[in-house]
S.K.: 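Take this structure, written in structure tokens, and hold onto it; I'll ask about it next.
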Amino acid sequence: MGQEVRTAIVTGASGGVGRATAVALGAIGWNVAIGARRADALADTADLVEKAGGAPFAAPLDIADPQSVDDFFAAVTERFGPPDALVNNASLANIGRFHEQSPADFARDVQTNLLGTMFCARAMIRSLMPGDTIGDILFVSSESAHAPWPELVGYGTTKAGIEGLARGLTQELEGTGIRIGILRIGATLTDFGSTWPEGKLASVMEQWPYFGIQRHFGYMLPEDIAATIVHVLTLPPNVQIPQLDLRPVAPAGSGPWSKP
Ligand SMILES: NC(=O)c1ccc[n+]([C@@H]2O[C@H](COP(=O)([O-])OP(=O)(O)OC[C@H]3O[C@@H](n4cnc5c(N)ncnc54)[C@H](OP(=O)(O)O)[C@@H]3O)[C@@H](O)[C@H]2O)c1
């Protein structure tokens with residue numbers, strides 16, 4: 001493993017954590033296959049990967065559609081050969097009180113975040129299985145998997161679900177050379193939540209501290225998460241990190257003891 005050229009797939013690479021991860025992997029010279037639904041934004045990521053020194057391959061991907069996932073993996077394999085790593089990152093979140101959401105809202109969260117993540121993991125395992133090669137599947141989860149955020153209960157449920165999937169696969173795949181990891185992240189400055197109704201993010205940010213969530217205004221950058229992902233994917237092959245929690249540091253001077 002180490003720094004030799006490998007091929008990584010990054011889902012949800014049209015922005016945020018996915019884009020930053022694709023660029024960071026490009027910077028260590030990897031082949032980076034990127035997928036998402038917005039082709040124009042994906043093309044921008046491909047340019048950035050190339051500028052960083054990597055070889056990009058962009059193709060449309062809707063993880064909620066199993067055929068799209070299979071087509072994407074086939075296209076990546078045709079371009080680079082079998083991929084070595086999957087950063088299972090793409091997701092969305094419907095915001096709102098649970099009882100006010102529609103079955104379609106529930107289905108959207110589950111179809112994308114849980115089933116879509118499962119479709120991608122399945123495709124990756126099928127690709128890795130025939131060989132004895134070392135491979136990685138990293139699941140991008142959320143602190144909401146264990147500390148649910150009110151008004152994002154459906155989302156948190158799907159993140160808890162993918163963590164269950166990851167733990168199950170860790171057992172089922174032991175001895176195959178496939179490493180499974182969970183990266184649980186907290187507040188990160190991305191477009192996450194940008195499609196929510198106007199003012200919604202601000203209103204939940206006011207409520208969440210009551211529940212012990214988002215107690216301060218520290219945040220991470222997508223590049224911070226990307227650097228951690230590169231670290232996990234470049235560990236020696238005999239080492240794995242089953243789960244990693246990343247949280248923002250509270251802004252300096254914001255704690256109770258730092259006030260005059
Ligand atoms: N930002 C945070 O504070 C935070 C906190 C905890 C966990 N996370 C997790 O971090 C990961 C990255 O999120 P982010 O913050 O970077 O959010 P983001 O900026 O909203 O990016 C989400 C990405 O997922 C893609 N996506 C959504 N549905 C898709 C689908 N059906 N098929 C393919 N791609 C799809 C989007 O691309 P298209 O729209 O182009 O398809 C986009 O590139 C997610 O798993 C999220 O749950 C984020």
Side-chain angles (χ1 to χ4, degrees), residues 9-24 33-46 48 58-73 86-95 107-121 123 137-149 152 154-163 165-166 181-196 201 204-205 208 213-214 216-226 228-229 243-248:
I9 288 176
V10 183
T11 68
S14 55
V17 169
R19 171 176 285 168
T21 300
V23 172
I34 52 177
R37 295 165 303 175
R38 287 170 297 148
D40 49 348
L42 207 54
D44 292 343
T45 304
L48 292 169
L61 170 66
D62 179 356
I63 64 165
D65 173 1
Q67 189 59 54
S68 171
V69 171
D70 287 347
D71 291 348
F72 178 81
F73 272 76
L86 165 65
V87 182
N88 224 343
N89 165 74
S91 97
L92 50 76
N94 288 299
I95 187 112
R108 198 158 154 263
D109 270 341
V110 171
Q111 187 70 29
T112 302
N113 301 354
L114 184 54
L115 285 175
T117 300
M118 292 170 82
F119 299 149
C120 293
I137 304 178
L138 187 57
F139 291 86
V140 180
S141 184
S142 161
E143 64 175 323
S144 67
H146 70 101
W149 300 340
L152 280 178
Y155 167 79
T157 301
T158 62
K159 289 298 189 183
I162 70 163
E163 291 197 4
L165 166 68
I182 297 170
L183 183 59
R184 243 186 213 172
I185 65 177
T188 308
L189 208 58
T190 67
D191 284 341
F192 192 79
S194 62
T195 57
W196 297 345
L201 182 60
V204 288
M205 292 286 281
W208 281 340
I213 298 156
Q214 303 277 358
H216 60 71
F217 288 99
Y219 59 83
M220 299 178 286
L221 297 174
E223 291 73 18
D224 302 325
I225 313 299
T228 306
I229 291 175
Q243 182 181 304
L244 203 52
D245 282 59
L246 286 186
R247 295 288 177 278

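Read the numbers this way: they start at 1 and go in the same order the structure lists the ligands and their atoms.
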S.K.: Within ligand 1, which atoms have a heavy atom of T112 less than 4.0 Å away?
M.R.: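 Matching atoms, with element in brackets: 28 (N), 31 (N).
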S.K.: Report yes or no: does a heavy atom of V140 sit under 4.0 Å from some atom of ligand 1?
M.R.: yes
S.K.: Can you name the side-chain hydrogen bond (donor to acceptor under 3.5 Å, both in side chains) partners of R37, sequence neighbours left out?
M.R.: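 Checked R37 against side-chain hydrogen bond (donor to acceptor under 3.5 Å, both in side chains); zero matches.
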S.K.: In the protein, what heavy atom is nearest to atom 33 (C) of ligand 1, and what distance, to one decimal place, separates them?
M.R.: L61 O, 3.2 Å
S.K.: Taking only heavy atoms of G16, which atoms of ligand 1 are found under 4.0 Å from at least one of them?
M.R.: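 Heavy-atom distances to G16 below 4.0 Å select 16 (O), 19 (O).
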S.K.: Step through the shown structure and confirm whether more than 12 heavy atoms of other residues, nucleotides or ligands are within 6.0 Å of CZ on F192.
M.R.: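 Result for CZ/F192: enclosed.
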S.K.: When you measure from atom 18 (P) of ligand 1 to each heavy atom in F72, F192, F139, which option holds the nearest one?
M.R.: F192
S.K.: First locate atom OG1 of T188, then atom CG of D224, and finally report the distance between them rounded to the nearest 0.5 Å.
M.R.: 8.0 Å
S.K.: Do you know the tightest heavy-atom contact between A41 and S14?
M.R.: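 The answer is CB-O, 3.5 Å.
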S.K.: For D191, what residues pass the side-chain contact (heavy atoms from CB on, under 4.5 Å) criterion, not counting sequence neighbours?
M.R.: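 For D191, the residues satisfying side-chain contact (heavy atoms from CB on, under 4.5 Å) (neighbours in sequence not counted) are S194.
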S.K.: For ligand 1, does S141 get within less than 4.0 Å through its side chain, its backbone, both, or neither, judged by non-hydrogen atoms?
M.R.: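 Near ligand 1, S141 shows its backbone, while the atoms from C-beta on stay back.
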S.K.: Would you say the side chain of R184 lies within less than 4.5 Å of the side chain of E163, judging by non-hydrogen atoms?
M.R.: yes
S.K.: Answer with yes or no whether Y155 contacts ligand 1, where contact means a heavy atom under 4.0 Å from a ligand atom.
M.R.: yes
S.K.: Ligand 1 and G18, any nitrogen or oxygen pair closer than 3.5 angstrom?
M.R.: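 In fact, backbone or side chain, G18 has no N or O that close.
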S.K.: Do any heavy atoms of G35 fall under 4.0 Å from ligand 1?
M.R.: no
S.K.: For atom 3 (O) of ligand 1, tell me which residue out of L246, I225, T188 has the closest non-hydrogen atom.
M.R.: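 Selected option, by shortest heavy-atom distance: T188.
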S.K.: Less than 4.5 Å apart, any side-chain heavy atom of V17 and any of I185?
M.R.: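 V17 reaches I185 side chain to side chain.
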S.K.: Do you know the tightest heavy-atom contact between T158 and L114?
M.R.: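 In terms of heavy atoms, the two residues are closest at O-CD1, 4.1 Å.
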S.K.: Quick one: which of R37, Q214, K159 has a heavy atom closest to atom 39 (O) of ligand 1?
M.R.: R37
S.K.: List ligand 1 atoms under 4.0 Å from D62, heavy atoms only on the residue side.
M.R.: 30 (C), 31 (N), 32 (N)
S.K.: Would you mind checking which non-hydrogen protein atom is closest to atom 48 (C) of ligand 1, with the distance to 0.1 Å?
M.R.: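 Here the closest protein heavy atom is I185 CD1, 3.8 Å.
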S.K.: Under 4.0 Å, counting heavy atoms only: does A187 come that close to any atom of ligand 1?
M.R.: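 Yes, that is the case, since the closest heavy atom of the residue is under 4.0 Å from the ligand.
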S.K.: Write out the residue and atom name of the closest protein heavy atom to atom 15 (O) of ligand 1, then the distance separating them to 0.1 Å.
M.R.: T190 OG1, 2.6 Å
S.K.: Side chain, backbone, both or neither: which applies to N89 and ligand 1 if a contact is any heavy-atom pair less than 4.0 Å apart?
M.R.: both
S.K.: Just jot down the ligand 1 atoms closer than 4.0 angstrom to any heavy atom of V17, in number order.
M.R.: 12 (C), 16 (O)
S.K.: Report yes if the side chains of L183 and I229 come closer than 4.5 Å at any heavy-atom pair, otherwise no.
M.R.: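 In short, these two side chains touch, coming nearer than 4.5 Å.
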S.K.: Tell me which protein heavy atom sits closest to atom 25 (C) of ligand 1, plus the residue, atom name and distance to 0.1 Å.
M.R.: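 For this ligand atom, the closest protein heavy atom is G12 CA, 3.6 Å.
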S.K.: What's the shortest distance from atom 19 (O) of ligand 1 to any protein heavy atom, and which residue and atom give it?
M.R.: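 Minimum-distance protein heavy atom for atom 19 (O) of ligand 1 reads D191 N, 3.4 Å.
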S.K.: Which residue holds the protein heavy atom closest to atom 32 (N) of ligand 1, what is that atom called, and what is the gap in Å?
M.R.: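 Of the protein heavy atoms, I63 N, 2.9 Å lies nearest.
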S.K.: Which protein heavy atom lies closest to atom 26 (N) of ligand 1, and at what distance to 0.1 Å?
M.R.: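 Scanning the protein heavy atoms, the shortest distance from atom 26 (N) of ligand 1 goes to A90 CB, 3.8 Å.
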S.K.: For F139 versus A166, what's the shortest heavy-atom pair and its separation?
M.R.: CD1-CB, 3.6 Å
S.K.: Check for me whether G186 has a heavy atom closer than 4.0 Å to any atom of ligand 1.
M.R.: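 Flag set, G186 near ligand 1.
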S.K.: Does the side chain to side chain contact (heavy atoms under 4.5 Å, CB included) test come out yes or no for V204 and Q214, once each step is laid out?
M.R.: CA-CA 10 Å; V204 288; Q214 303 277 358; over 6 Å; no
S.K.: Does an N or O from W149, backbone or side chain, lie closer than 3.5 Å to an N or O of ligand 1?
M.R.: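 No; the residue has no nitrogen or oxygen that sits under 3.5 Å from a nitrogen or oxygen of the ligand.
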S.K.: Tell me the closest heavy-atom pair linking D70 and A123, and the distance in Å.
M.R.: OD1-CB, 4.2 Å
S.K.: State, to 0.1 Å, how close P60 and F72 come at their nearest heavy-atom pair, and which atoms those are.
M.R.: O-CD1, 3.9 Å
S.K.: For G15, counting its heavy atoms only, list the atoms of ligand 1 lying under 4.0 Å from any of them.
M.R.: 43 (O)
S.K.: With rounding to the nearest 0.5 Å, note down the distance linking OG in S91 to OH in Y155.
M.R.: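 If I round to the nearest 0.5 Å, the distance is 4.5 Å.
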S.K.: Identify the protein heavy atom lying closest to atom 43 (O) of ligand 1, giving its residue, its atom name and the separation to 0.1 Å.
M.R.: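 The closest one turns out to be S14 OG, 2.7 Å.
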S.K.: Work out which heavy atom in L42 is nearest to a heavy atom in A58; give both atom names and the distance.
M.R.: CG-CB, 4.1 Å
